[in-house]
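Have a look at the structure below before the remarks.
Chain identifiers are assigned alphabetically (A, B, ...) following the order of the sequence lines, protein sequences preceding nucleic acid strands; residue numbering begins at 1 within each chain. Values below: every heavy atom of this structure, side chains too, minus hydrogens, waters and symmetry copies.
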Protein chains: 2
Amino acid sequence: MNTQHVILGILHNQPSSGYEIKQYFEQYFSFFFDASFGTIYPTLAKMEKSGLLTKESVKQEGKPDKNVYSLTPEGAAQFHAYLMSPLEAEVFRSDFLMRLYFGELADEDTVTGWISSQLKRKEMLYAELQRQMEEFGERISPAQRLCLQVGLVQYEATIQLLKEQLVRPE
Amino acid sequence: MNTQHVILGILHNQPSSGYEIKQYFEQYFSFFFDASFGTIYPTLAKMEKSGLLTKESVKQEGKPDKNVYSLTPEGAAQFHAYLMSPLEAEVFRSDFLMRLYFGELADEDTVTGWISSQLKRKEMLYAELQRQMEEFGERISPAQRLCLQVGLVQYEATIQLLKEQLVRPE
DNA sequence: TCAGGCATGTAAGGAGTTACATGATTTA
DNA sequence: TAAATCATGTAACTCCTTACATGCCTGA
């Protein structure tokens, strides 16, 4: 799974510009994927060149023009091929856990600082997912709901554990 | 946090060869970090060149020679500088969640297949963490124990949710 | 008039993977 | 003698990020 696959998926739902694709990432699945403009724009250009997308310039009122991309039949086929390909392993890399692992080498206050800032982050992400579940929970597909739930239960479990740890460290 | 920092941490505990460092990754924190030989060996060479490590060739009985690396004072200083630097955000990229998100575009059996293979993976990782907790739980530091616990509670929560989903999909 | 949002792009570089290449020793 | 484990390394490539560059429009 790479940026190209995600772009295919988004454009399968509706034609969009690079800017809109980035907003989509941030709104709907920032918790398990992200990509910068420095990836998105070159990827779109490459995909158009290889025939997966078509570009159309669209004029807007009170805003700059935008390039709206749509899937070609080849683009749609490529996306379905991705969905049929073997599931890839998740990538998880945690600076927080690495520091905990080597925590003996730092003083206690430093370790507590890591735990409380990690807790704060998780709480913010959790609140954002809850907001999304309240806002979209009724309208989205069962699979999309499960997607949100996976995030929610993971954050819940982590938040609870980290809170306990701060109350009675040991 | 990158491979260099992790190598510094491991060598802080004990001098090791590249091969041993890789084994260490796999045994103790494969669930939140990994790196291939193609990263480890060039990184070790670079670190030696820049004065963070010293290399010593060690002969072994019934095995090829190995290059054992040790931290220099500059290496130790660099590691402590890393521990004092701001905590970085976790990186999480999930092919599984991405597919769920676009799940309407695949048929129901395919989605069920993703869920059950994801469940199987998580169960294996969970079993491995449990084994580690039983084997090392008494001997490791509180911070290292917390590290394992974070993995355990996240996997537990996810496994439970995915199981429910397979029993009564909706 | 200036900050902020909208919009697109490029260039340089960092970090990592996979595949290849080599070769010793041990065990079945 | 073949497979598995131990051990080190390189080369090509992929993918991505950051920083830079540009410019329009809106609202305070």
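Between A:N2 atom CG and C:dT17 atom P there is a gap of 16 Å when expressed in whole angstrom units. Distance, B:L44 CG to C:dG16 C1': 15 Å, rounded to whole Å. A straight line from CD of A:E26 to P of C:dC6 spans 11 Å, rounded to a whole angstrom. Going from atom NZ of B:K46 over to atom C1' of C:dG14 covers 9 Å, rounded to whole Å. Between the CD atom of A:Q23 and the P atom of C:dG4 there is a distance of 17 Å, rounded to whole Å.
Nearest-nucleotide positions on DNA chain C for A:D65 and A:A45 put A:D65 closer to the 5' end. When each of B:K63 and B:G38 is assigned the nucleotide of DNA chain D bearing its nearest heavy atom, the one mapping closer to the 5' terminus is B:K63. Sequence order on DNA chain D of the closest nucleotides to A:Q4 and A:G62 puts A:Q4 first from the 5' end.
Within the structure, every side-chain polar atom (N or O) of A:R93 is placed at least 4.0 Å from both OP1 and OP2 of C:dA15. OP1 or OP2 of C:dA7 sits under 4.0 Å from a side-chain N or O of A:Q60. For the pair B:T39 and C:dT17, the criterion of a side-chain N or O lying under 4.0 Å from OP1 or OP2 is met. Neither OP1 nor OP2 of C:dA15 sits under 4.0 Å from any side-chain N or O of B:T3. Taking only side-chain nitrogens and oxygens, B:S17 never comes nearer than 4.0 Å to OP1 or OP2 of D:dA7.
The side chain of A:Y19 sits closest to C:dT8 out of C:dT8, D:dT17, C:dG9. Closest to the A:P42 side chain, of the nucleotides C:dT10, C:dG9, C:dG23, is C:dT10. Candidate nucleotides D:dT8, C:dG9, D:dA7 were compared by shortest atom distance to the side chain of B:N67, and D:dT8 ranks first. Nearest to the side chain of A:Y41, among C:dG16, D:dG9, C:dT10, sits C:dT10. Side-chain atoms of B:K66 lie closest to D:dT8 of the nucleotides D:dT8, C:dC6, C:dT18.
The distance from the CD atom of A:E156 to the CD atom of A:E123 is 12.0 Å, given to the nearest 0.5 Å.
Annotation: cation-pi pair B:R121/B:F96 absent, no NZ/CZ under 6.0 Å from the ring centroid and within 45° of its normal. Cation-pi geometry between B:R99 and A:Y82 is met: the NZ or CZ atom falls under 6.0 Å from the ring centre, inside 45° of the normal.
Within 4.0 Å of B:G18, counting heavy atoms only, lie sugar-phosphate atoms of the nucleic acid but no base atom.
Without hydrogens or angle criteria, A:H80 side chain to A:A77 main chain gives no donor-acceptor distance under 3.5 Å.
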| Given B:K122 and A:E90, is the salt bridge (charged side-chain N to carboxylate O under 4.0 Å, His left out) satisfied, shown in steps? | CA-CA 10 Å; B:K122 294 283 177 185; A:E90 287 178 341; 2.9 Å; yes
